[in-house]
2 protein chains.
Amino acid sequence: MRILVVEDDSKIACFVVRGLKQSGYAADHAPDGETGLALADSTDYDAMIVDVMLPQLDGISLVKRLRAARRVTPVLFLSAKSSVDDRIRGLQAGGDDYLTKPFAFSELLARVHALIRRASQSPEATRLACGDVTLDLVTREVTRAGKAVDLQPREFTLLAFLLRHAGRPVSKTMILEHVWDYSFDPQTNVVDVVISRLRAKVDPDHTRLETVRGVGYVLRPHV
Amino acid sequence: MRILVVEDDSKIACFVVRGLKQSGYAADHAPDGETGLALADSTDYDAMIVDVMLPQLDGISLVKRLRAARRVTPVLFLSAKSSVDDRIRGLQAGGDDYLTKPFAFSELLARVHALIRRASQSPEATRLACGDVTLDLVTREVTRAGKAVDLQPREFTLLAFLLRHAGRPVSKTMILEHVWDYSFDPQTNVVDVVISRLRAKVDPDHTRLETVRGVGYVLRPHV
DNA sequence: CCTTCTCTATGCGCATTCTCGTCGTCGAAG
DNA sequence: CTTCGACGACGAGAATGCGCATAGAGAAGG
């Protein structure tokens with residue numbers, strides 16, 4: 001779940017990004033409209049949070065251009081003004097929701113949640129499972145064969161990612177991008193290391209988490 | 001639990017807001033009807049306390065317009081007049097309760113309590129518990145293993161918040177928002193400090209209040 | 001003015017995560 | 001069938017950064 005935050009006030013941006021990360025989302029930040037559009041254009045975000053007042057390219061125009069390019073990423077507008085007019089303009093431009101500053105973070109989170117859930121049609125599962133392995137995104141509990149397993153943060157994020165793609169191989173590049181937030185392969189073997197630790201904890205008999213040589217890894221649904 | 005106070009007399013407003021905060025509520029204040037309506041429109045309050053006599057837009061009209069917009073937030077009217085007529089007008093406009101000035105703060109608090117309890121259908125638990133830790137929101141008594149524990153206000157609010165979410169991790173951002181009423185992260189470590197003090201008083205053997213690295217804290221239900 | 005409570009600042013300790021190095025395994029080609 | 005090359009597995013040590021505790025400053029209340 002990756003979210004783009006387009007916001008010029010660095011304090012607000014920093015606060016929002018941090019909060020989203022603490023809630024388990026990956027978050028990118030663009031300080032102006034142009035950068036935001038470029039990022040939105042090149043990455044497939046699950047949602048965007050866009051300030052209306054932005055340098056270079058305002059939020060409304062940004063979203064209009066995004067929609068013109070047939071991008072349907074759900075957008076939540078942020079604005080200092082609370083006038084009904086502004087709200088209407090935002091929604092007409094293709095925004096999906098509207099929040100006025102100052103706002104409570106929990107409200108922002110709730111709305112983003114709703115947006116993603118609506119967009120993906122299927123309610124955002126809080127509980128992932130594959131075979132006898134289960135993972136709860138909210139309580140952060142992981143079990144194998146009914147027994148609780150204690151995972152470190154990185155291991156947790158990686159397992160969650162694998163579970164989301166259970167049955168299909170995921171490349172190391174993908175993993176680095178979504179779990180480590182790296183855009184480029186920094187010539188490292190971190191993934192191998194954490195996969196190794198994950199196997200020891202979650203797949204001791206080596207039947208669930210398979211290696212696909214030259215590609216990456218698969219989580220086997222059967223077993 | 002967030003409450004909006006719409007009241008033009010700044011002394012009364014200040015007094016009420018302070019009292020609510022001390023009782024563990026988050027409270028906002030609007031000095032006139034227009035501001036009040038705008039705030040009520042953009043935020044999801046758990047209850048509102050509205051003076052009938054207000055500049056710009058009187059309390060009755062405010063609530064009428066709120067109800068017209070299908071908002072069901074419970075409203076308690078404040079008024080200087082105690083005439084039965086006024087009371088009827090208020091309730092007809094969509095108010096849920098009515099209190100005449102001057103009033104005792106404890107009475108206001110009791111009624112707000114009742115309003116929220118009624119609105120949320122599930123009676124607002126006055127007593128929270130998790131494992132051998134109990135907390136009473138009304139008497140402000142806290143016990144651990146049957147023995148009373150003396151908490152400072154901040155510590156009390158934080159513990160109450162953790163108890164409400166027992167079993168699920170709560171992020172520091174959330175804590176700052178609900179316990180400190182900060183909308184933005186002021187780059188501080190207050191949360192850590194108060195957690196530390198809370199542990200010393202309520203969880204000396206470090207079994208109940210766990211750290212979730214990079215996220216926040218959990219209160220463990222078992223033990 | 002004194003007390004009580006809360007916030008800020010700092011350094012330390014430790015958990016987590018990364019890097020490195022070696023060993024093992026797989027697959028292809030001769 | 002054997003050999004060679006490349007990729008992956010995994011353990012051990014090192015670095016980073018997060019969280020904890022403490023003390024002192026500041027604010028609020030009596």
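So you know, we letter chains A, B, ... as the sequences are listed, proteins then strands, and number each from 1.
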The side chain of A:Y217 lies closest to which of these nucleotides: C:dT16, C:dT6, D:dA9? D:dA9

Would you say B:Y25 and B:D46 are linked by a side-chain donor-acceptor pair, where the criterion is simply a distance under 3.5 Å? no

Nearest whole angstrom, please: distance from the [atom2] of [N] to the [atom1] of [X].
| X | N | atom1 | atom2 | result |
| --- | --- | --- | --- | --- |
| B:L151 | C:dT4 | CG | C1' | 15 Å |
| A:R140 | C:dT16 | CZ | P | 12 Å |
| A:Q187 | D:dG8 | CD | C1' | 15 Å |
| A:L176 | C:dT19 | CG | P | 11 Å |
| B:E210 | D:dG19 | CD | P | 14 Å |
| A:F156 | C:dT16 | CZ | P | 14 Å |
| A:E155 | D:dC10 | CD | P | 13 Å |
| B:K21 | C:dC5 | NZ | C1' | 17 Å |

Does the side chain of [Y] come within less than 4.5 Å of [X]'s, by heavy atoms?
| X | Y | answer |
| --- | --- | --- |
| A:Y98 | A:V75 | no |
| A:R140 | B:V212 | yes |
| A:L99 | A:R111 | yes |

Test: salt bridge (charged side-chain N to carboxylate O under 4.0 Å, His left out). Region: residues 167-178 of chain B. Which pairs qualify, not counting sequence neighbours?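 Sorted pair list: B:K172-B:D192.
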
Electrostatic pair A:R208:A:D132 at N-O distance under 4.0 angstrom: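 Judged by the 4.0 Å cut-off on N to carboxylate O distance, A:R208 and A:D132 do form a salt bridge.
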
With the threshold set at 4.0 Å, does a side-chain nitrogen-carboxylate oxygen contact exist between B:R2 and B:D44? no

When you measure from the side-chain N and O atoms of A:K172 to the phosphate of D:dC7, is any distance below 4.0 Å, counting only OP1 and OP2?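 No, outside the criterion.
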
Taking only the side-chain nitrogens and oxygens of A:Q152, find out if one of them lies under 4.0 Å from OP1 or OP2 of C:dA15.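 No, no such contact exists.
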
To 10°, what angle do the rotation axes through the five end pairs on each side of the helix from C:dC1-D:dG30 to C:dG30-D:dC1 form? 30°

Assign a letter to each nucleotide of nucleotides 23-30 of chain C from its 5' end: B, base within under 4.0 Å of a protein heavy atom; S, sugar-phosphate only; -, no contact. --BB----

Need to verify one output field. Residue with the more 5' nearest nucleotide on DNA chain D, B:R18 or B:T211?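 Comparing both residues, the 5'-ward one is B:T211.
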
Atom pair CZ/CZ of A:F105 and A:R18 - distance to nearest 0.5 Å: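 Answer for the CZ-CZ pair, A:F105 versus A:R18, is 11.0 Å.
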
Atom CZ of A:R199 and atom OH of A:Y217: how far apart are they, to the nearest 0.5 Å?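 It is 6.0 Å, given to the nearest 0.5 Å.
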
Once side chain to side chain donor-acceptor pair (under 3.5 Å) is applied, do any residues pair with B:R154, and if so which ones, sequence neighbours excluded?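 Side chain to side chain donor-acceptor pair (under 3.5 Å) check on B:R154 returns nothing, list empty.
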
Within residues 189-199 of chain B, which residues have any heavy atom lying less than 4.0 Å from an atom of DNA chain C?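 Contacting residues: B:N189, B:V190, B:V193.
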
Tell me every residue that passes ring pair (Phe, Tyr, Trp, His ring centres under 6.0 Å) with B:F161, counting only those two or more places apart in sequence or in another chain.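 Partners of B:F161 by the ring pair (Phe, Tyr, Trp, His ring centres under 6.0 Å) criterion, ordered by chain and then number, come out as B:H165, B:H178.
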
Quick check on DNA chain C: between B:P153 and A:W180, whose nearest nucleotide comes earlier from the 5' end? B:P153

Tell me whether B:D203 contacts the main-chain N or O of B:L209 through its side chain, where contact means a donor paired with an acceptor under 3.5 Å. yes

